[in-house]
Each structure stands twice: as C-alpha cells, then as structure tokens.
Amino acid sequence: MNELAQWRRRQLTDALARTLATIATLFGLFWLVWILWTTLSKGLPALKWALFTQMTPPPGMDGGLLNAFLGSIIMSGLAILMGTPIGIAAGTYLSEYARHTKLGGTIRFVNDILLSAPSIIIGLFVYEVMVRPMGHFSALAGAIALSFIVLPVVVRTTDEMLQLVPSTMREAALALGVPQWKVVRQVLYRAALAGIITGVLLALARISGETAPLLFTALNNQYLTTKLTEPMANVPVVIFQYAMSPYEFWHALAWAGAFVVTMFVLVLGLVSRGVLLRTSEYR
Amino acid sequence: MSQSQGLEIDALFHPDGMEGRDHRNDHVFRVAVLACALFVLIALLGAALSMLWGAREAFATFGWPFIWSTDWDAVQKKFGALVPIYGTLVTATIAMIIAVPVSFGIALFLTEIAPAWMRRPVSAAIELLAGIPSIIYGMWGLFVFVPFMSSHVDPWLDEHIGPLPFIGKLFKGAPIGLGMLSAGIVLGIMVIPFISAVTREVFTTVPVQLKESAYAVGNTTWEVVWDVVLPYTRSAVVGGIFLGLGRALGETMAVTFVLGNAHLLSPSLLEPGNSIAATIANEFTEADSPIYLSSLIALGFLLFIVTFIVLAVARLMLSRLARREGAVT
C-alpha cells in the first residue's frame, strides 16, 4: 500500500513537471507572438511609399526615413567589408595553425567574451579612440564600431566551419605538393564557403538593429549625407529618438522603421539557416 | 612522366625555385592570419584601456567612493555609481528569476517531452526571440507592456502584496508601469532564448545509454532529467545561466525605454530607476562637462569589468563539460 502511494506521488511529480515545462515553452512563445504582433499591427499601417523617398522630418511635418535607411546601409556595408576579412583570417589562424595551442585557446576565449560583451562598451571604446581625437561624431566611427561586433561572429563561425572540413582533404592537397596557403584558399575556403557566408549573414543581422554603439559614434543627421566624416542618420538611432519623443507622427515613423528592421533581421535569420541546412544535406 | 609532374619533382629539389617562393608565401600567409587573430586580443585590451583612460578624471576626482556614492548631480559636478549599479543588479536579478526556470522548462520540453516533429520548429521559434533587435523590445516595452503593467499588474500588486510585511516594501508605489519590475521582466524575456539554447544543447550531449538505463529501471521523465541529465550537465548549465546574466547586465536599449531614467534609490520595484547602461545611453550626448563625460565612461568601465568576470566564468563552466565530453569519446 505504501509502495503504491509512493508510486502515485512519483507519477504526480512527473506529470506536474511535464505540465510546467510545457507551460514554460508556451510562455516563451507567447512573448514572441505578442512582440511580433505589435510590430506588425503598428508598423504595417505606418508603412508608406514616402518612407523610402523622403527625409526624416522636423516635428509637425511629413517625411520618411530615406536618410536613415541609406545611412544604415552604408555603415553596415562598411562594417561588413572591414570586419569580414579580418574575421576570416583570424578564424583561419585558429583552425589551421592554433587548433590546440595555448595562444589559440586564449584568442578563442577572448573572442567568445567579445561575442557576448555589451555592445554599449564597443560604442564607448570607439568613442574614445576615434570620436574624441577627431573632435566630432562620424559615420566612419559608426562603421568601425559595428565592425567590432561583426568581427567575433565571423571569427567564431569561420573557426568552427573550417574545423568541420575533413582533414583528409587537407592531406590530399598537401600530398600533391600544394603549399599550405593555397590549400587554405583553394580547398578549405571552398569547402567551408556556405558556413562562412552564414556567419557573415548572422553578423549583418546582428548589426542592423544595433543602437547603443551608434549612439556614441555616428549619432544622427537630419539630412542626407554620404560623407563618412560627418554624423550620419541610421535607422536604430532614429527609432530611438522618435519613439522617445512626444509626437504621434514620429511614433508612427518609428514603428514603420521598427517593422522594416525586424522583418529584415528575421528574413536574414531564415536565409542563413537555409544556407546552412543545404550544406549539411550536401555533406 | 608528364611535364607537370616533372616540374613538381624538380621544385622539390630546388629551394630557390618554386618551392622557395611557396615557402615564403606560406610564411607571409601565416604571419598575416596570426596578426588578424592577435587583433582580436588587442580589441578587447584596447576597449578596457581606452575606457580606463577616459575614466581617469572621474576616478582621480572621486576615488573609490565613486562606487558607493549615491550622488548624481550635473550642476554640482558630483557623481557616484551606486544608483545605476543598484538598478543594474536588481533588474538583472528579476530577469534571472524569470528566465532560469522558464529556460530549464523549455529545454526539458524540447529534449524529453515534445514529439520529434515539434522540436525543430519550436526551438527555432524560441531562438527568434534572440534575433529581435533590442530596440524593438524597448519600443514594445514602452508602448505596449508598460501601459499593460500600469493598468493591470501594478495596481493589483500595490493593493494585495503592498500591505504585507517585509516583501510588501518591494511592491508599493504609484502604478506608472515604468520601473524595475517591468525592466526586469523585459530583460527576462530577452535572455530566455540564450539560456534555453545552451541548456537544450548540453542536454542533448548526455549519452543515450545513461538516460535509457535510468528509464529502464523505471524512472519517470522528471527523475531522469533531475537525477541523471542535470548532474551530468551541471557546469554547462551554470555556464549558460552566466551567459544570460552577462546579457542581462549589459543590455542597453530595452532597459533605457522601460526603466524610467530616474536617479532614485528606492526599495520598491514599481518605482522607476536607472541602470549603468541606460544612464550612459540617456545622458551621454547631454554630458556638458568633462567630469560628467568621464563619470559616464567610468560607469562603462565598471560594467566592462563586471560583465568580463561573468562571461569568463560562463566560458570556463561551458568548456568544462566540453573537456569531459572529449575525454568520454
């Protein structure tokens, strides 16, 4: 009888744990749906063609986000151009020359910390080394700040993806007398291309919504500019300033910007997932 | 023997010919990629040193009391870090209280309970939460969640839990929605995907034989997870929790929107407050004196030190399991 009671209690605990775990999952999904629904229902009505053809307006006037979109594209593009080659090279070093060395371990450790370090710290860092010596905010400083966020993402994925390439491929190429730098460039990069591209896409997704580092580097600009030495408008900072403002119309613009950024990030996430999935099937 | 093969073999014996050039190129390539790898080290070091340099004025003026002083007066030019530190710690604690059990539940659901077809889409959906930019969390928090808290949750807390002894102090205050509790909840939602992803991943590294033997002697799912899976993965789960904590401590935009930006030290979670990151984000472009700016950078330096320690612990705990995994296989 006692045993039966104990069995019942164990079953009850188990059922309770299962129920709670299911509720926890629903809890997580609940917020996702709520947040996406908000962005959709507030962003979609604010989406107009003028968004992409007009500048950010002063209070009380009509306008769009053209300068902000353009600024974001320029700075994100530059950040990718600067961060990707350095990141791929560093990842190559870790995977091909320092797989089990102490230096490699240290760099991996530091890279992982850089990967999850608060982005506001990157902003302050670039402010200290670029904005303060130059005396003013600039788009270049913004791009450099973003490239420090791109860097660790690309390092990590390149390292991991190159390590996945079977060592028989390296040995086969080396046995043919191909020098190592050619092995890396012509064999390993080709084999790991999809994975490395995934890393770059993930990095792009991460920086397209980054606000804190740009706040201290690129700041904002009410006008359209392509000069890299001047402050430049960008979507996240405009969203921040407009959302914090008391004007209804600015709020609507902020929601429209938020909608576009969110969709862009989510689509990028799906695309990079797709790229990775295709290669794993191929393997 | 074809001509090209002859050339290759020739090259082997002629150090100044092709082999010499390849050798040099190999060397150049190796040095180049090493330099890029060292750049990663320099980046972190540079971040720390440049912030320390920027903060030197504040540290020199206020000394150690900067850390526990509650002053924050731009007119008198007196600054202290206690209020932002307090806000950062309180919001991060609330976030962890919410995120840790929920993430554990999600990992449990995805590894042991959900049918196989459901696991992939559900975990992808949870990971989407991590992809949403933090400024979107901030806007949603300010325009949707804060009004919800102020009209539904805060008044109830104030009325029912506020009068209780001890814990009542935490839930007293005007129901404005902005404040520590709202910020902590939003932070909690933001770190759930990070902790649950790590936890789920390490749960799947538990050897199947270990779990199956436990099931075979009649254990329930809960007993297998609590007595077999969790002890096996303990250090990595702690690592994942610290990873989430690092995020929660340094998160900027979402907190800036929801916390209320009030320089106020209050025991009540319903009152607005300030965090390190939110203070910097809000006041950086308004800092009108060098000492003000330097104090903000000093705050950033403190945040850097704290998150560095937390993230370092996280990585060490995570690599522990990876090492044991390596030893087993």
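Below, each value reflects all heavy atoms present in this structure, side chains not excepted, and no hydrogens, waters or symmetry copies. Remember, it's a predicted structure, so these values are computed and weren't measured experimentally. Residue numbering restarts at 1 for every chain, and letters A, B, ... go by the order of the sequence lines.
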Note to self: Just checking B:Phe148 against A:Trp34, ring centres under 6.0 Å apart?
What the structure shows: yes
Check: By a 4.5 Å heavy-atom criterion (distance strictly below it), what part of B:Ile98 contacts chain A: side chain, backbone, both, or neither?
Finding: side chain
Note to self: Please classify the contact of B:Ile42 with chain A as side chain, backbone, both or neither, using a heavy-atom distance under 4.5 Å.
What the structure shows: neither
Item checked: Contact origin within A:Thr22 toward chain B - heavy atom pairs under 4.5 Å -> both
Check: Considering only heavy atoms, which portion of A:Leu36 lies under 4.5 Å from any heavy atom of chain B: side chain, backbone, both, or neither?
Finding: side chain
Next item on the list: Answer whether the closest heavy-atom distance between the side chains of A:Gln11 and A:Trp7 falls below 4.5 Å.
Entry: yes
Next item on the list: Flag yes if more than 12 heavy atoms outside A:Arg99 fall under 6.0 Å of its CZ atom; otherwise flag no.
Entry: yes
Margin query: For B:Phe242, give me all partners under ring-ring contact (aromatic ring centres under 6.0 Å, His included), at least two apart in sequence or on another chain.
Written below: none
Margin query: Which atoms of B:Phe194 are under 4.5 Å from chain A, going by heavy atoms: the side chain, the backbone, both sets, or neither?
Written below: neither
Next item on the list: Give a yes-or-no answer on whether the side chains of B:Arg247 and A:Ser116 include a donor-acceptor pair shorter than 3.5 Å.
Entry: no
Checklist line | A:Val184, part contacting chain B, at a heavy-atom distance under 4.5 Å | finding: side chain
Check: Given that the side chain runs from C-beta out, which part of B:Met253 has a heavy atom under 4.5 Å from chain A: side chain, backbone, both or neither?
Finding: side chain
Notebook entry, point to check: So which heavy atom on B:Leu108 is nearest to which on B:Phe203, and how close?
Noted result: N-CE2, 4.4 Å
Checklist line | Which portion of B:Leu303 sits near chain A, non-hydrogen atoms under 4.5 angstrom | finding: both
Item checked: Residue part contacting chain A, namely of B:Ile136, when any heavy atom lies under 4.5 Å -> side chain
Check: Is it the side chain or the backbone of B:Ala114 that comes within 4.5 Å of chain A heavy atoms, both, or neither?
Finding: neither
Item checked: Pick from A:Pro152, A:Gly28, A:Ala21, A:Gly269 with the largest number of heavy-atom pairs that fall under 4.5 Å of chain B -> A:Ala21
Check: Where does B:Ser103 contact chain A at under 4.5 Å (heavy atoms): side chain, backbone, both or neither?
Finding: neither
Margin query: Shorter than 4.5 Å, heavy atoms on both sides: which option in A:Pro85, A:Pro179, A:Ala15 has the most such pairs with chain B?
Written below: A:Pro179
Item checked: Of A:Gln180, A:Gln163, A:Arg170, the residue whose pairing with A:Glu96 passes side-chain hydrogen bond (donor to acceptor under 3.5 Å, both in side chains) -> A:Arg170
Next item on the list: Please look at B:Glu127 and chain A and tell me whether the side chain, the backbone, both or neither of the residue comes under 4.5 angstrom of a heavy atom of that chain.
Entry: side chain
Check: If you measure only the distance, is there a donor-acceptor pair under 3.5 Å linking the side chains of B:Glu251 and B:Ser134?
Finding: yes
Checklist line | Leading residue by heavy atom contact count with chain B [cutoff under 4.5 Å; candidates A:Leu202, A:Leu215, A:Ile107] | finding: A:Ile107
Notebook entry, point to check: Of all of A:Phe259, A:Phe240, A:Phe27, which one pairs up most often with chain B through heavy atoms under 4.5 Å apart?
Noted result: A:Phe240
Margin query: Report which part of A:Ala205 has an atom under 4.5 Å of a heavy atom belonging to chain B: side chain, backbone, both, or neither.
Written below: neither
Next item on the list: Quick one: which of A:Val261, A:Ile122, A:Leu94, A:Asp112 has the most heavy-atom pairs under 4.5 Å with chain B, could you say?
Entry: A:Asp112
Next item on the list: Go through the atoms of B:Leu41 and report whether side chain, backbone, both or neither lie under 4.5 Å from a heavy atom of chain A.
Entry: both
Notebook entry, point to check: Around atom NE2 of A:His136, are there more than 12 heavy atoms of other residues, nucleotides or ligands at under 6.0 Å?
Noted result: yes
Next item on the list: Kindly indicate, with the supporting measurements, whether the criterion ring-ring contact (aromatic ring centres under 6.0 Å, His included) is fulfilled by A:Tyr242 and A:His251.
Entry: CA-CA 6 Å; A:Tyr242 280 17; A:His251 290 175; 9.3 Å; no
Checklist line | Interface residue of largest heavy-atom contact number with chain B, from A:Gly209, A:Ala89, A:Ser119, under 4.5 Å | finding: A:Ala89
Note to self: Which atoms of A:Leu20 are under 4.5 Å from chain B, going by heavy atoms: the side chain, the backbone, both sets, or neither?
What the structure shows: neither
Next item on the list: Please state whether the side chain, the backbone, both or neither of B:Phe308 comes within less than 4.5 Å of a heavy atom of chain A.
Entry: both
Next item on the list: For the residue pair A:Leu151 and B:Val40, establish whether any side-chain heavy-atom pair is separated by less than 4.5 Å.
Entry: yes
Notebook entry, point to check: chain A heavy atoms under 4.5 Å from B:Leu243: which part of the residue, side chain, backbone, both or neither?
Noted result: side chain
Next item on the list: Test ring-ring contact (aromatic ring centres under 6.0 Å, His included) on B:Phe284 and A:Tyr127 and set out the steps.
Entry: CA-CA 11 Å; B:Phe284 199 81; A:Tyr127 174 85; 4.7 Å; yes
Next item on the list: May I ask you to check whether B:Phe145 and A:Trp31 place their ring centers less than 6.0 Å from one another?
Entry: yes
Item checked: Sequence-distant partners of A:Glu128, salt bridge (charged side-chain N to carboxylate O under 4.0 Å, His left out), two or more places apart -> A:Arg132
Note to self: Please classify the contact between B:Ala99 and chain A as side chain, backbone, both or neither, with a heavy-atom cut-off of under 4.5 Å.
What the structure shows: neither
Checklist line | Heavy-atom contact with chain A under 4.5 Å, split by part of B:Leu34 | finding: both
